[in-house]
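Heads up, the thing below is written out as structure tokens.
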Amino acid sequence: MFARDALSYEAVPLPNRSDMSDAEMLAAATAYFEAMKTRHTVRDFTDRPVPRDVIDTCIRTAGRAPSGANHQPWHFVAIANPALKSRIRAEAEEEERRFYDGGAPDEWIKALEPIGTNADKPHLEIAPWLIVIFAQRYGTFDDGTRYKNYYVPESVGIATGFLISALHQAGLSVLTHTPNPMKFLNGALARPDAEKPVMILAVGHPAEDAAIPSVAKIKKPLDQILTVYE
């Protein structure tokens with residue numbers, strides 16, 4: 001992506017400019033908030049197929065996220081192959097069993113009780129798509145030499161937020177899943193050591209009987225998440 005001899009700054013005019021009135025800005029912000037209020041994390045999916053074009057387009061959106069030095073230190077692996085999904089489920093559940101059988105502190109297990117999770121992860125096979133998100137510790141110039149990436153966790157976190165929002169806007173449900181450790185994903189998906197898996201997204205349509213934990217509807221009010229100085 002980068003060449004050593006092409007790293008100089010060059011300014012170009014801002015290609016897109018919004019020109020909304022204050023009222024239009026508030027209306028747009030409110031509409032987006034109302035849309036995102038309908039997003040819920042689900043664990044119960046149907047096997048209804050989702051076209052690859054939809055997944056591709058949502059990942060294009062994720063790729064528009066800002067990143068440290070514009071290095072875009074992420075890679076997304078989208079998986080619909082049933083055999084590969086089955087392998088990922090088996091290896092993820094092995095890690096999860098260790099987690100629930102003493103690998104995690106009691107306090108952490110207690111915190112998860114209202115969510116209703118356990119070591120069984122059938123959604124990793126039922127959901128039509130899994131998207132595994134990798135963080136790239138370093139990149140390579142076109143001559144093969146390495147360069148450092150900056151603010152990698154922050155950049156990948158922003159891109160993941162873009163992706164989850166895009167998938168929701170496309171009418172899809174998403175479950176974030178973080179088995180610990182996740183190194184097995186490098187082997188399963190043939191990703192290099194420079195990349196660290198950070199999350200699996202199960203993506204698809206919710207089952208007819210899909211449910212969510214009641215605690216998931218409890219969100220902190222604005223005055224607990226916002227401080228303003230005017």
Side-chain angles (χ1 to χ4, degrees), residues 1-20 24-26 28-29 31-33 35-36 39 41 50-80 129-170 172 174-183 185-203 225-229:
M1 177 177 177
F2 296 104
R4 281 184 178 276
D5 58 355
L7 296 176
S8 59
Y9 173 74
E10 178 183 356
V12 297
L14 178 66
N16 304 102
R17 185 184 300 274
S18 177
D19 189 20
M20 292 185 182
E24 290 170 332
M25 287 191 291
L26 179 57
Y32 186 72
F33 170 69
M36 293 307 293
R39 188 210 65 79
T41 298
V50 173
R52 177 179 164 179
D53 286 352
V54 175
I55 301 300
D56 287 354
T57 301
C58 291
I59 291 176
R60 283 195 186 96
T61 298
R64 304 299 296 183
S67 61
N70 193 38
H71 282 194
Q72 303 158 54
W74 45 64
H75 189 86
F76 303 91
V77 180
I79 306 148
W129 288 95
L130 302 180
I131 301 175
V132 182
I133 302 162
F134 287 87
Q136 296 177 334
R137 297 182 177 93
Y138 57 85
T140 55
F141 288 107
D142 54 356
D143 64 3
T145 57
R146 295 182 184 182
Y147 60 81
K148 182 179 178 180
N149 286 329
Y150 301 92
Y151 297 104
V152 174
E154 296 86 350
S155 301
V156 175
I158 296 169
T160 301
F162 272 42
L163 177 55
I164 292 172
S165 179
L167 291 164
H168 179 67
Q169 294 296 312
L172 296 169
V174 177
L175 174 67
T176 57
H177 180 48
T178 53
N180 185 27
M182 287 189 275
K183 183 66 176 176
L185 290 165
N186 287 75
L189 302 175
R191 299 310 304 167
D193 289 340
E195 296 182 359
K196 177 183 178 181
V198 296
M199 191 175 300
I200 303 172
L201 301 182
V203 179
I225 64 172
L226 171 68
T227 298
V228 178
Y229 295 91

Exercise. Which distance, rounded to the nearest 0.5 Å, do you find between the CD1 of Ile133 and the OG1 of Thr178?
Worked result: 11.0 Å
For this session: Could you pull out all residues at least two apart from His177 that satisfy side chain to side chain contact (heavy atoms under 4.5 Å, CB included)?
Result: Ala92, Glu96, Lys121, Leu124, Pro179, Ile200
For this session: For residues Met182 and Pro197, report the shortest heavy-atom separation together with the two atoms involved.
Result: O-CG, 3.1 Å
Exercise. Closest heavy-atom contact between Asn149 and Pro73?
Worked result: ND2-CB, 3.7 Å
For this session: Determine the minimum heavy-atom distance between Phe162 and Ala62, stating which atoms define it.
Result: CB-CA, 3.9 Å
Seminar exercise, completed: Here the gap from Leu167 atom CG to Thr61 atom OG1, rounded to the nearest 0.5 Å, amounts to 8.5 Å
Exercise. About how many Å separate NZ of Lys196 and CG of Asn186, when rounded to the nearest 0.5 Å?
Worked result: 11.0 Å
Problem set entry | Contact check, side chains of Val152 and His71, non-hydrogen atoms, under 4.5 Å | no
Problem set entry | Qualifying residues under side-chain hydrogen bond (donor to acceptor under 3.5 Å, both in side chains), relative to Ser18, sequence neighbours excluded | none
For this session: For Ser67, check side-chain hydrogen bond (donor to acceptor under 3.5 Å, both in side chains) against everything at least two apart and list the hits.
Result: none
Exercise. Under 4.5 Å between any side-chain heavy atoms of Trp129 and Val54, yes or no?
Worked result: no
Exercise. Taking C-beta and beyond as the side chain, do Ile131 and Ile59 meet within less than 4.5 Å on heavy atoms?
Worked result: yes
Exercise. Less than 4.5 Å apart, any side-chain heavy atom of Met36 and any of Gln169?
Worked result: yes
Seminar exercise, completed: Residues passing the side-chain hydrogen bond (donor to acceptor under 3.5 Å, both in side chains) test with Gln136, sequence neighbours excluded, are Glu195
Exercise. In Å and rounded to the nearest 0.5 Å, what is the CG to NZ distance from Asp193 to Lys183?
Worked result: 4.0 Å
Exercise. Between Ser165 and Tyr32, does a side chain to side chain donor-acceptor pair (under 3.5 Å) hold up when you go through it step by step?
Worked result: CA-CA 10 Å; Ser165 179; Tyr32 186 72; 2.4 Å; yes
Seminar exercise, completed: Sequence neighbours excluded, the answer for side chain to side chain contact (heavy atoms under 4.5 Å, CB included) partners of Val228 is Leu226, Glu230
Exercise. Where do Val174 and Leu163 land on the side-chain contact (heavy atoms from CB on, under 4.5 Å) test, with the steps shown first?
Worked result: CA-CA 10 Å; Val174 177; Leu163 177 55; over 6 Å; no
For this session: Could you name each residue pair satisfying salt bridge (Lys or Arg N to Asp or Glu O under 4.0 Å) that touches residues 51-78, not counting sequence neighbours?
Result: Arg52-Asp56
For this session: Identify the heavy atoms of Ser155 and Trp74 that sit nearest to each other, and give their distance.
Result: O-CZ3, 3.4 Å
Problem set entry | Arg191 side chain near Val77 side chain, heavy-atom distance below 4.5 Å | yes
For this session: Give the intermediate values and the outcome of side-chain contact (heavy atoms from CB on, under 4.5 Å) for residues Leu130 and Leu201.
Result: CA-CA 6 Å; Leu130 302 180; Leu201 301 182; over 6 Å; no
Exercise. How about Tyr151: does its OH atom have over 12 heavy atoms from other parts shown lying under 6.0 Å from it?
Worked result: no
For this session: Start with the C-alpha gap between Phe134 and Leu189, add the side-chain angles, then the distance that decides, and say whether side-chain contact (heavy atoms from CB on, under 4.5 Å) holds.
Result: CA-CA 11 Å; Phe134 287 87; Leu189 302 175; 3.9 Å; yes
Exercise. Is the Tyr138 to Tyr147 ring centre distance short of 6.0 Å?
Worked result: no
For this session: Nearest 0.5 Å please: distance from the CG atom of Leu185 over to the CE atom of Met199.
Result: 12.0 Å
Exercise. Looking only at atom types and distance, does a side-chain atom of Thr160 sit under 3.5 Å from a main-chain N or O of Val156, one as donor and one as acceptor?
Worked result: yes
